[in-house]
Amino acid sequence: MSTYTVPVPRERTTAPPRTAYLIASGDLREAANVGGWPTQARMEADVTAAMGDLGWTVIRAHEVDAETGHGFISSQRMGLEVFAGIPVDAPLIVAEAVWQYSHHVLAGLRTHEGPILTVANFAGEWPGLVGLLGLNAGLTKMGKEYATIWSVDFTDAWFRDGLKEWTETGRIRHDDSHVRPLPALPDTPEVALGRALGDELLADKAIIGVFDEGCMGMYNAIFDDELLNRTGIYKERLSQSALYAEMLRVTEVEADAAYDWLIGRGMTFRYGADAVTELTRDQVQWQLKMYIAALRIADDFGLDAVGIQYQQGLKDLVPASDLAEGILNSTERPPVLSRDGKCELFAGRAFPHFNEADEGVAVDALVTDRVWRAMGLVPDNTLHDVRWGEEYDGQFVWVYEISGSVPASHLGGWDQAEGWRQGHVFFPAGGATINGVSKPGEVVLSRVYIADGGLHVDLFRGSVVELPAEETQRRKDATNPEWPIAHVVLHDISRDQFMARHKANHAQLVYAPDAETADKALVAKAAMFERMGIAVHLTGRVAL
């Protein structure tokens with residue numbers, strides 16, 4: 001007789017009728033979970049009330065923890081345990097008013113059989129919209145069907161109608177009439193250029209250096225080698241411990257020289273005495289050592305672009321990576337010499353950094369850099385969080401922000417950049433941002449993402465506009481005033497069209513000198529993407 005211990009299958013429960021379960025994925029950083037909980041609790045109450053008006057009951061699938069003071073799923077293990085108690089066929093609401101780590105709920109969502117709704121409040125105080133878009137992109141990557149919706153206060157008819165549709169059908173239909181596949185491209189110099197650059201990349205290949213994947217739980221930002229390699233791009237997997245070790249080898253004299261260069265170009269820093277909550281010169285020194293170390297490692301491995309995870313790996317060890325990242329993405333930047341001092345590394349050019357080790361950004365930054373340089377344009381580009389937005393003077397103006405790592409040229413030059421301390425909730429070791437307001441001008445925007453088992457890119461046009469100083473300050477105060485901001489108006493893409501379509505928490509932004517040049521550069525970029533085997537989608541008004 002055997003004495004094997006055979007697991008007993010878990011009893012499968014069934015959801016009560018007209019009942020939805022609600023979960024909230026949160027942060028790994030407990031300070032962020034505690035800080036964002038009041039906003040999350042209000043949003044959940046509003047969603048629950050709206051469901052109640054439809055005759056539905058909402059069951060919160062995990063209780064508020066009296067010890068931690070919040071009700072977020074704060075780890076992957078906790079996510080597994082929460083999903084074990086949810087009927088597998090239950091209608092499921094993932095409610096997000098803050099940044100969330102998608103991998104906390106990835107396993108449960110992948111195997112859940114009931115209809116899934118992701119919902120967020122449309123507000124700037126906490127990055128719930130950013131979390132929603134990241135989660136949606138992850139669901140799209142895994143091929144999981146879901147519905148999504150958002151609202152400012154959860155009382156508007158559009159939200160209520162969408163919620164009703166989901167309770168009746170498990171789906172919400174959104175307007176995607178602004179999206180179309182790339183048509184046959186005309187025979188123009190820009191198309192010829194893009195195709196030639198694509199052929200060059202496929203033949204000669206490129207290497208992106210990834211200092212640890214999976215920043216902040218972004219499952220959508222990890223691109224499998226089998227998909228990347230088809231485009232001519234290969235990964236060099238690097239450890240952030242190696243970056244830290246190289247930082248220790250950078251001398252004070254070398255970091256001082258980079259600092260003096262920035263000061264000489266007009267950058268200023270807001271210093272204080274308390275390193276716990278204020279910026280110090282020592283924090284900036286470490287950031288400049290990171291900048292120098294990253295270029296030296298890039299030279300060691302023959303890299304074409306580099307991405308630093310930072311969160312979680314380095315956040316408790318060294319100041320924020322943002323200053324280093326923004327300098328790397330700037331054509332005009334402090335010179336960095338090889339270790340032996342014999343040559344300047346990557347002289348006279350920006351070195352593409354894909355912020356937060358987002359590999360969709362890596363592909364995009366690499367293509368943008370090559371197309372813009374070949375056209376004689378300034379290639380400085382960066383990602384932005386799609387943070388929030390509101391109507392202003394008759395048009396919807398988005399708030400695009402990223403945690404301090406924009407190229408100085410986007411702000412109008414180093415003399416328009418000011419280093420503010422990163423918030424201590426997310427950045428305990430501090431560090432400076434590259435703070436400022438993006439200059440008005442014409443921009444090309446894009447996102448590379450995974451859908452249906454392949455690489456896709458959405459290309460669209462926009463304008464960065466100038467708002468009055470008081471409106472700019474209001475928007476910064478409503479989000480993160482220490483971060484650089486871009487006031488973005490998209491061309492023929494409404495707020496809800498963009499939210500329903502965009503498959504990432506990030507959008508890539510690069511300037512062109514005028515609208516005609518921006519349109520031509522977009523076409524060249526589209527031709528290069530197409531040559532690389534990436535499915536291209538044009539969104540909004542795009543001139544071919």
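These numbers come from the heavy atoms of this one structure, side chains and all, not from hydrogens, waters or symmetry mates. This structure is a prediction, so every number in the text was calculated from the model and none was measured.
Contact check on Arg475 versus Glu471 returns a salt bridge, with a Lys/Arg side-chain nitrogen under 4.0 Å from an Asp/Glu carboxylate oxygen. Checked for salt-bridge contact, Arg349 and Asp369 meet the test: a charged N lies under 4.0 Å from a carboxylate O. Salt bridge Asp274/Arg421: absent, no basic N to carboxylate O contact under 4.0 Å. Taking the charged nitrogens against the carboxylate oxygens, Arg531 and Asp199 do have a contact shorter than 4.0 Å, which makes a salt bridge. Ion pairing between Asp519 and Arg461 holds under the 4.0 Å rule for side-chain N and carboxylate O. Salt-bridge formation is detected for the pair Lys289/Glu252: a Lys NZ or Arg NE/NH1/NH2 atom is positioned less than 4.0 Å from an Asp or Glu carboxylate oxygen. Salt-bridge annotation for Asp27 and Arg29: present, with a side-chain N of the basic residue lying under 4.0 Å from a carboxylate O of the acidic one.
Using a 4.5 Å cut-off on side-chain heavy atoms (C-beta onward), Met528 and Leu201 make contact. Side-chain atoms of Met290 and Ile327, non-hydrogen and from C-beta on, never get closer than 4.5 Å to each other. Side-chain contact check for Arg370 versus Leu366: some heavy-atom pair is nearer than 4.5 Å. You'll find the side chain of Ser321 stays beyond 4.5 Å of the side chain of Phe211, heavy atoms only.
Rounded to the nearest 0.5 angstrom, Thr539 OG1 and Asp458 CG are separated by 5.5 Å. Atom CD in Glu67 sits 6.0 Å away from atom CG in Asp65 (nearest 0.5 Å). Within the model, atoms CZ of Phe223 and CD of Glu213 stand 11.0 Å from one another, a figure rounded to the nearest 0.5 Å. Note that OG1 of Thr382 is 6.5 Å distant from CD1 of Ile402, once rounded to the nearest 0.5 Å. To the nearest 0.5 angstrom, Phe269 atom CZ is 10.0 Å from Glu418 atom CD. Summarising the geometry, atom CD1 belonging to Ile233 is positioned 12.0 Å from atom NZ belonging to Lys205; distances are rounded to the nearest 0.5 Å.
At least one cation-pi condition fails for Arg333 and Tyr291: the charged atom is not both under 6.0 angstrom from the six-membered ring centre and inside a 45 degree cone around its axis.
Aromatic ring centroids of Phe396 and Phe498 lie 6.0 Å or more apart.
Applying the side chain to side chain donor-acceptor pair (under 3.5 Å) test to Asp514 and every residue at least two apart in sequence or in another chain returns Thr517. Residues forming a salt bridge (charged side-chain N to carboxylate O under 4.0 Å, His left out) with Glu226 (at least two apart in sequence, or on another chain): none. Remark: Gln100 pairs with Ser25, Ser102 by the side chain to side chain donor-acceptor pair (under 3.5 Å) rule, at least two apart or across chains. When the side chain to side chain contact (heavy atoms under 4.5 Å, CB included) test is applied to Lys476, the partners found at least two apart in sequence or on another chain are Asn435, Thr472, Gln473, Pro481, Ile485. In this view, Glu356 satisfies the salt bridge (charged side-chain N to carboxylate O under 4.0 Å, His left out) rule with no residue, not counting sequence neighbours. Listed by chain and residue number, Asn381 satisfy the side chain to side chain donor-acceptor pair (under 3.5 Å) test with Gln508 (two or more places apart in sequence, or in another chain).
In the displayed structure, His456 atom NE2 is contacted under 6.0 Å by more than 12 heavy atoms of other residues, nucleotides or ligands.
Using bins of under 30°, 30° to 60° and over 60° for the plane-to-plane angle, the ring pair His502/Phe460 lands in the perpendicular bin.
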Step-by-step side chain to side chain donor-acceptor pair (under 3.5 Å) determination, Gln40 to Asn121 | CA-CA 9 Å; Gln40 175 74 24; Asn121 58 338; over 6 Å; no
Before giving the answer on side chain to side chain donor-acceptor pair (under 3.5 Å), spell out for Asn480 and Glu401 the whole-Å C-alpha distance, their side-chain angles and the decisive distance to 0.1 Å.
-> CA-CA 8 Å; Asn480 284 80; Glu401 288 181 338; over 6 Å; no
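Between the side chains of Asp322 and Thr433, no donor-acceptor pair is found at a separation under 3.5 Å. In this structure, a donor-acceptor pair under 3.5 Å is present between the side chains of Glu30 and Asn33. Side-chain atoms of Thr280 and Asp282 include no donor-acceptor pair closer than 3.5 Å.
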